[in-house]
Amino acid sequence: MFSSIYALLHLFGTRTFSRPVYLWLSSVYVCFTLWLMAAERELLLLTVLIFLFMYFALLKAFPRLLEQGFANIQEKLFLQGGVGMYLGWSSVAVLANIGVYAFSFGIQSSSQIGIYLQMLLVLLAALSAGYALYQSKRNAVVFATHWWAFVGILVGLFSREQTELLIAWTLVCVVGLNVFYFKKRLRSIKN
């Protein structure tokens with residue numbers, strides 16, 4: 001929220017950030033409001049489409065934001081921190097929206113097909129998170145937000161019965177994401 005206000009206040013200011021970055025970010029925050037309205041009205045397909053747009057807009061804006069640099073620590077905190085958290089969250093949450101839409105067709109989450117669908121969604125969430133990490137040059141804020149999102153998934157799974165397989169699968173996906181993140185980071189630290 002603060003990063004959007006900061007970006008909007010500086011859209012026509014003297015700062016040298018490119019307009020495309022601000023326009024992508026502004027469109028994301030407008031779309032988030034539209035997503036909230038669509039979710040409240042249970043327009044599930046529309047929530048998926050809006051979320052997909054937000055995710056891809058953040059994938060466009062965040063690397064450009066990093067390339068342009070920051071004038072001071074406030075810009076770094078508000079823009080890299082805020083937008084990085086939003087990118088990390090949306091890269092996983094977009095699959096949650098797809099899951100809600102898929103399960104709206106009456107698939108029981110505890111049925112065999114429901115479990116396999118959830119496993120597929122967790123795998124796709126991990127792959128999406130990995131892609132967001134790649135696009136963000138393995139940004140630590142994006143990575144930390146992925147941890148937060150996957151902890152949320154695990155908390156949800158622990159609160160339900162007969163989810164041992166899904167818990168194990170989620171942990172495998174998280175370990176894979178960690179290997180992807182730390183392997184390159186550790187190599188760059190050693191060099």
Side-chain angles (χ1 to χ4, degrees), residues 1-104 121-122 124-153 155-156 177 181:
M1 174 78 158
F2 292 118
S3 59
S4 65
I5 294 169
Y6 190 88
L8 290 173
L9 288 176
H10 290 80
L11 179 59
F12 299 104
T14 58
R15 184 64 178 112
T16 58
F17 284 127
S18 67
R19 285 192 189 268
V21 170
Y22 289 125
L23 294 175
W24 280 118
L25 292 179
S26 298
S27 69
V28 167
Y29 297 111
V30 167
C31 283
F32 185 69
T33 302
L34 294 174
W35 176 83
L36 288 172
M37 292 187 316
E40 184 177 307
R41 288 168 181 74
E42 297 183 14
L43 302 171
L44 299 179
L45 180 59
L46 186 57
T47 65
V48 169
L49 296 174
I50 291 169
F51 225 102
L52 283 170
F53 174 80
M54 290 190 316
Y55 175 48
F56 289 114
L58 286 163
L59 283 173
K60 291 289 248 180
F62 193 69
R64 291 179 181 175
L65 191 64
L66 293 177
E67 288 171 4
Q68 294 179 18
F70 304 98
N72 52 45
I73 192 70
Q74 291 88 359
E75 275 191 5
K76 189 168 188 163
L77 285 174
F78 281 116
L79 293 172
Q80 180 181 353
V83 178
M85 283 190 297
Y86 213 60
L87 173 59
W89 171 70
S90 68
S91 66
V92 175
V94 69
L95 277 298
N97 279 266
I98 292 171
V100 168
Y101 178 67
F103 283 102
S104 73
L121 290 170
V122 167
L124 291 175
L127 293 172
S128 174
Y131 185 70
L133 279 172
Y134 174 77
Q135 287 295 101
S136 69
K137 298 175 178 42
R138 289 176 172 77
N139 183 275
V141 173
V142 175
F143 178 70
T145 308
H146 289 145
W147 260 93
W148 169 62
F150 279 103
V151 165
I153 291 169
V155 167
L177 193 59
Y181 177 76

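Remember, predicted model here, so these are calculated numbers, not experimental data.
- Side chain of Ser26 to main chain of Leu23: no donor-acceptor pair is present (N/O by atom type, distance under 3.5 Å, no hydrogens or angles).
- Between Gly88 and Ser91, the shortest heavy-atom contact is O-OG, 2.8 Å.
- Nearest heavy atom pair, residue Gly84 against residue Val141, reads C-CG1, 3.8 Å.
- Between atom OG of residue Ser136 and atom CG of residue Leu65 there is a gap of 11.5 Å, rounded to the nearest 0.5 Å.
- If you take CG on Leu34 and CG on Leu46, they are separated by 8.0 Å, rounding to the nearest 0.5 Å.
- Contact check for Leu66 versus Gln80: side-chain heavy atoms found under the 4.5 Å cut-off.
- Closest non-hydrogen pair, Ala129 versus Phe150, comes out as CB-CE1, 4.4 Å.
- Smallest separation of non-hydrogen atoms from Leu121 and Phe103: CD1-CE1, 4.4 Å.
- Heavy-atom contacts from other residues, nucleotides or ligands closer than 6.0 Å to OH of Tyr134 number 12 or fewer.
- Expressed to the nearest 0.5 Å, how far OG of Ser90 lies from CG of Asn97 amounts to 10.5 Å.
- Taking the six-membered ring where tryptophan is involved, the planes of Trp147 and Phe143 are perpendicular, since the angle between them exceeds 60° and thus also 30°.
- Within the 4.5 Å cutoff, side-chain heavy atoms of Arg64 are placed close to those of Trp24.
- Between Ile98 and Phe51, the closest side-chain pair of non-hydrogen atoms is not below 4.5 Å.
- Taking the side chain as every heavy atom from C-beta outward, Tyr55 and Tyr131 approach each other to under 4.5 Å.
- Using a 4.5 Å heavy-atom threshold, the side chains of Val92 and Thr145 count as separate.
- A distance of 6.0 Å or more separates the ring centres of Tyr86 and Phe62.
- Leu133 and Asn139 make their closest contact through CD2-O, 3.8 Å (heavy atoms, listed as atom of the first residue, atom of the second, distance).
- The distance from the OH atom of Tyr29 to the OG1 atom of Thr33 is 11.0 Å, given to the nearest 0.5 Å.
- Atom CG in Leu49 sits 11.0 Å away from atom CG in Leu44 (nearest 0.5 Å).
- Contact of the Leu25 side chain with the Leu58 side chain is registered, since non-hydrogen atoms from C-beta on lie closer than 4.5 Å.
- A donor-acceptor contact shorter than 3.5 Å is absent between the side chain of Ser128 and the backbone of Leu124.
- Summarising the geometry of Ala57 relative to Val28, their closest heavy-atom pair is CB-CG2, 3.5 Å, with the distance given to 0.1 Å.
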